Amino acid sequence: MEKAILVHLATTKKEKFETEESMEELEGLVKAAGAEVVKKIVQYRSKKNPKFLVGEGKVAEIIQQKDELQADLVVFEHNLSPIQQRSLEDEIQGKVIDRSQLILDIFAQRAQSKEGKLQVELAQFNYLLPRLLGKGQALSRLGGGIGTRGPGEKKLEEDRRRIQNKISKIKKDISKIQKRRAEQRRSRKRGITPVVSLIGYTNTGKSTLFNILSSEKMLSSPQLFATLDPVIRRVTLSDGLFFFLSDTVGFIRKLPVELITAFKATLEEIKEADCLCHVIDITSDHCDSQVRSVNNVLAELGISDIPIVKAYNKIDLLPDETQIIQRNTDTRSHQVYISAKTGTGIQALKKVFHDILFKHMRHFSVRIPKSEKDIINSFPKWSVVLKRIDNKDFYDLEIMADPKKMVDYVSYIKRGEVNW
Ligand SMILES: Nc1nc2c(ncn2[C@@H]2O[C@H](COP(=O)(O)OP(=O)(O)OP(=O)(O)O)[C@@H](O)[C@H]2O)c(=O)[nH]1
Ligand SMILES: [Mg+2]
């Protein structure tokens, strides 16, 4: 396993205040990438050093620690400019990366779908391009006099052009896939089945909840960003009604700019959801700031009119669990306390989903002659068909539907109240 030294520079009061949280999260990211943290180094300094970001003394300390602990790489919490990264690598004589690159690496390891992979590749190339320029400048300085080109400059230009070509090809491929996905979403939308999307900070338990609700095996793990690509499954409620549930990528503060597009693309799904379930890790010390980050992303995505259920998760880890679940009796608050691991509170959560998604719907029994093919086929498009019984010349259907919509079908209704 690779050994990593973490470096954090706090230049403002706010950064100083958030040092512990930042370092904890960075450690989580390093572990998620498959490396081990052997040392954390912090510097408070009001001015950044343009060359190394941190002060020269700190660089010396990093070098000494790196030798002593036989570390393989140094990870900076702060973003490094291409030049800073080069200077640091030259000085430290080893691999130096920043938080953005680390997250890019994790995304690259995790992406499953074709689009996910392409989005990450695009982000990586966008990250690489200015870094190649940085190298180019450094090398051309070696070349000496004005107008002369440094060794390797021609090769770099070729690399740059190749990368730019690749970037435009990837962009084209992505837009093709996105068109297809939008089409799939539309066809799903044409039916009546509502969609709930799980959202929340990374590692809060979205996939665990997804599994317990849908009885599907999704990868859940203590690693950050275990889920990258959205997945969708059907969830059935106790009265036979059902909805689609989608599991999405976890949010994180300070997402690298290169990844914002990729990230938002995977979140396109949630814009069309009928309800969002915000999963919150109630046991995290940074619970509040995580909730704020999630709310910020929602605002950026322009989401404001979708009902949100807050699911406070991992209550099994709290000492007063039995007291906390008492709060679930008021389901109108759209706040539910759960344990996705043990299943506590899941019924209450389902009830809230039921109320939000199906509140306009009532139960109807209808009998339709088989000759009315168009009507029979139209039912699933605007109602939920719970049961269909073949009775020789008729179909007997048990459905849930909006009583207003039933006005056109009054003559077929055996049981159920219409809203005129
Ligand atoms: N004790 C306890 N642990 C939980 C609970 N829910 C999830 N976990 C654990 O929390 C960790 C993260 O769970 P995931 O379901 O992968 O979290 P996620 O939100 O999908 O994470 P990302 O996909 O990385 O954003 C795993 O180790 C789970 O076993 C819970 O209710 N109680
Ligand atoms: Mg997940």
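Counting convention: from 1, in listed order, for ligands and their atoms alike. A quick note: this is a predicted structure, and the numbers were derived from the prediction, not measured.
Each of E25, Q290, H286 was compared with Y201 under the side-chain hydrogen bond (donor to acceptor under 3.5 Å, both in side chains) criterion, and only E25 meets it.
Between the side chain of N49 and the backbone N or O of V54 there is at least one donor-acceptor pair closer than 3.5 Å. Using modelled atom types, one side-chain atom of E15 and one backbone atom of T11 make a donor-acceptor pair closer than 3.5 Å.
The parts of T208 lying near ligand 1 are both backbone and side chain, judged by heavy-atom distances below 4.0 Å. The proximity of T202 to ligand 1, defined as any non-hydrogen pair under 4.0 Å, involves the side chain as well as the backbone. Both the backbone and the side chain of N203 come within 4.0 Å of ligand 1, counting heavy atoms alone.
Remark: ligand 1 atoms within the under-4.0 Å shell around heavy atoms of S207 are 15 (O), 18 (P), 20 (O). Of all atoms in ligand 1, numbered sequentially from 1 with element shown, those under 4.0 Å from a heavy atom of D316 are 1 (N), 2 (C), 30 (C), 31 (O), 32 (N). Close approach of ligand 1 to G250 is summarised as follows: ligand atoms under 4.0 Å from at least one heavy atom of the residue are 25 (O). Annotation for ligand 1: atoms under 4.0 Å from non-hydrogen atoms of L317 are 1 (N).
With 2.8 Å as the limit, T202 does not count as an N, O or S neighbour of the Mg ion (ligand 2).
Taking the charged nitrogens against the carboxylate oxygens, K414 and D396 do have a contact shorter than 4.0 Å, which makes a salt bridge. In summary, D288 and R292 do not engage in a salt bridge, as defined by a charged side-chain N under 4.0 Å from a carboxylate O. Contact check on E89 versus R86 returns no salt bridge, with no Lys/Arg side-chain nitrogen under 4.0 Å from an Asp/Glu carboxylate oxygen. Between E398 and R388, no side-chain nitrogen of the basic residue sits less than 4.0 Å from a carboxylate oxygen of the acidic one, so the salt-bridge criterion is not met.
Looking at ligand 1, you won't find any N or O of D247 less than 3.5 Å from one of its N or O atoms. The shortest N or O to N or O distance between V249 and ligand 1 is not under 3.5 Å. Between T248 and ligand 1, no pair of N/O atoms sits closer than 3.5 Å.
In this structure, the ring of Y312 has its center less than 6.0 angstrom from the ring center of Y337.
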